Asks: 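Here's a structure for you.
Each chain gets a letter, A, B and so on, in the order the sequences are listed, and its residues count up from 1. Values below: all heavy atoms of this structure, side chains included; hydrogens, waters and symmetry mates excluded. Just so you know, these numbers come straight off a predicted model, no measurement behind them.
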There are 2 protein chains.
Amino acid sequence: MDRRQEILEAAAKSFSLFGYKATTMDQVAKIANVGKGTIYTFFSNKEELFNAIVLKLINEMRAEADAVAIEGAPFEQNAHARLMRMLKFRETHQLYAKLIDEEKELRTPAVSEVLQAIENEIVSYVKEKIEKAIAKGELKPCDTELVAYLLFKAYLSLVADWGKTHDVELAEERIVALLSGTIFKSLLL
Amino acid sequence: MDRRQEILEAAAKSFSLFGYKATTMDQVAKIANVGKGTIYTFFSNKEELFNAIVLKLINEMRAEADAVAIEGAPFEQNAHARLMRMLKFRETHQLYAKLIDEEKELRTPAVSEVLQAIENEIVSYVKEKIEKAIAKGELKPCDTELVAYLLFKAYLSLVADWGKTHDVELAEERIVALLSGTIFKSLLL
DNA sequence: ATATGACCGTTTGAGGAAAATGGTCAACCA
DNA sequence: TGGTTGACCATTTTCCTCAAACGGTCATAT
């Protein structure tokens, strides 16, 4: 059995269940059926082990975002589907949800850093898709970094923030109607 | 001398300097040259005194936002100036800045509530301006509540969040260029 | 060569005493 | 007698302490 893999799986399980702070290296070692010292032959410390797990999370999210896109479909439709899927990940993915909760409740610095890294990854992913659409001649050239940032923040606000201050969650059609008529329309060539 | 006014000024001073939690009723009484009991003849508790102070803050912000608008100028120009001014208030206004800091550091519930109320006030203010512009025939009819929310969140992200993850603050012209070409353009009739 | 867990220095948090705080109200004027 | 006050009260917050728990190491075992 690949010891490194055992450790990764044990860590993923523990981080997902208990969060970063409440996961102990002894615990991971026990779950992985491995001596504690062994973990340190593969990962130099707890934070690096954590980062390795989060890297997996990012790849899974990317894969799902790619999966919902339809080859040949308009930019708006794919961008919407991708962003919605990535934002749903915040509730869907056990580790992601746990980390968001820990960030809110405990403000664990390592968790804040990692959540920021995930958001940066999303923005850079969106930026990449915008650039491809521009190259294809579907969108007009623009400040891609800033447009990607705006799109992400807009979706995040509408999907994750709106519900906190209103007693009903925003319907997806209302989001589409809003952004289709505003941001997306103006990006078209 | 109006005792109620003395108390309000003392409270404003103390909340601005020390924040909500670190301000004590004994302190306010001392600054106001008033017995502690007197405060309770005008305000039923600390939180209501706080709310009265914040109401003043909201009115000042509204006044400044109105002051930067130019009669007859296009919606985009005035909306931009108004939102920028209200967001600058977060650094400019001593009490506002202190409360934002306290919310981040201490998470005082009374402060979170009040900050949320201020944001609601801003959104509702923006919504009102959008509705006026629609009535004037300058903008096309739209989901005003949602557009106001989007505009506020977009500005908040660009002005207040961008700097946290990038080493340079966003230049105002870059914000104008982005939003003028995207959201604002699509609102025009 | 690789894996291990007893061990180390540091951090954390439970527990409890002491100080401080928000709010009350009987006494006190003007 | 209506308005003001600060001593007072119950509760919360702060501070301190110390034992338990933690991340990380390394001599030893395999």
Asks: If you look only at pairs with a residue in residues 20-30 of chain A, which of them pass as a salt bridge (charged side-chain N to carboxylate O under 4.0 Å, His left out), with sequence neighbours excluded?
Replies: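 Checked against salt bridge (charged side-chain N to carboxylate O under 4.0 Å, His left out) - neighbours excluded - the pairs reaching residues 20-30 of chain A are A:D26-A:K36.
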Asks: Using a cut-off of strictly less than 4.0 Å, decide whether B:R3 has a side-chain nitrogen or oxygen near OP1 or OP2 of D:dG3.
Replies: no
Asks: Give the angle between the helix axes at the two ends of the helix from C:dA1-D:dT30 to C:dA30-D:dT1, taking five base pairs at each end and rounding to 10°.
Replies: 20°
Asks: Can you name the side-chain hydrogen bond (donor to acceptor under 3.5 Å, both in side chains) partners of A:E138, sequence neighbours left out?
Replies: none
Asks: When the side chains of residues 56-68 of chain A are checked against the rest of the protein, which donor-acceptor pairs come out under 3.5 Å, sequence neighbours left out?
Replies:
from: A:N59; atom 1: ND2; to: A:L55; atom 2: O; distance (Å): 3.4
from: A:E60; atom 1: OE1; to: A:H93; atom 2: NE2; distance (Å): 3.0
from: A:R62; atom 1: NH1; to: A:E121; atom 2: OE2; distance (Å): 3.1
from: A:R62; atom 1: NH2; to: A:E128; atom 2: OE1; distance (Å): 3.0
from: A:E64; atom 1: OE1; to: A:R85; atom 2: NE; distance (Å): 2.8
from: A:D66; atom 1: OD1; to: A:Y125; atom 2: OH; distance (Å): 2.7

Asks: Which residues within residues 19-45 of chain A lie with some heavy atom under 4.0 Å of an atom in DNA chain C?
Replies: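 Heavy-atom cutoff 4.0 Å gives A:K21, A:V34, A:G35, A:K36, A:G37, A:T38.
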Asks: Salt-bridge test for A:E119 and A:R90: reply yes if a basic N is under 4.0 Å from a carboxylate O, no otherwise.
Replies: yes
Asks: Checking B:N51 now: which residues fulfil side-chain hydrogen bond (donor to acceptor under 3.5 Å, both in side chains) with it, not counting sequence neighbours?
Replies: none
Asks: Suppose the criterion is ring-ring contact (aromatic ring centres under 6.0 Å, His included): which pairs have a residue in residues 30-74 of chain B, not counting sequence neighbours?
Replies: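 Passing the test, one end in residues 30-74 of chain B: B:F15-B:F50, B:Y20-B:F50.
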Asks: My understanding is that only residues two or more places apart in sequence, or in another chain, count here; which of them pass side-chain hydrogen bond (donor to acceptor under 3.5 Å, both in side chains) with B:S180?
Replies: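 Once residues adjacent in sequence are excluded, the partners of B:S180 under the side-chain hydrogen bond (donor to acceptor under 3.5 Å, both in side chains) criterion are B:E76.
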Asks: Only counting residues at least two apart or in another chain, list the ones meeting ring-ring contact (aromatic ring centres under 6.0 Å, His included) with B:F152.
Replies: none
Asks: Can you give me the first and the last nucleotide of DNA chain C (5' to 3') that has an atom within less than 4.0 angstrom of a non-hydrogen atom in chain A?
Replies: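 That gives a stretch of C:dA3 to C:dG13.
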Asks: Send over the distance from B:D2 CG to D:dG3 P, rounded to a whole Å.
Replies: 14 Å
Asks: Grab the CD-C1' distance between A:E48 and D:dG24 for me, whole Å please.
Replies: 14 Å
Asks: Between side-chain atoms of residues 182-189 of chain B and protein atoms elsewhere (two or more places apart, or another chain), which donor-acceptor pairs fall under 3.5 Å?
Replies:
from: B:T182; atom 1: OG1; to: B:L178; atom 2: O; distance (Å): 2.8
from: B:S186; atom 1: OG; to: B:T182; atom 2: O; distance (Å): 3.4
from: B:S186; atom 1: OG; to: B:I183; atom 2: O; distance (Å): 2.7

Asks: Quick test of your reading: applying salt bridge (charged side-chain N to carboxylate O under 4.0 Å, His left out), list the pairs with at least one residue in residues 99-113 of chain B, sequence neighbours left out, ordered by first then second residue.
Replies: none
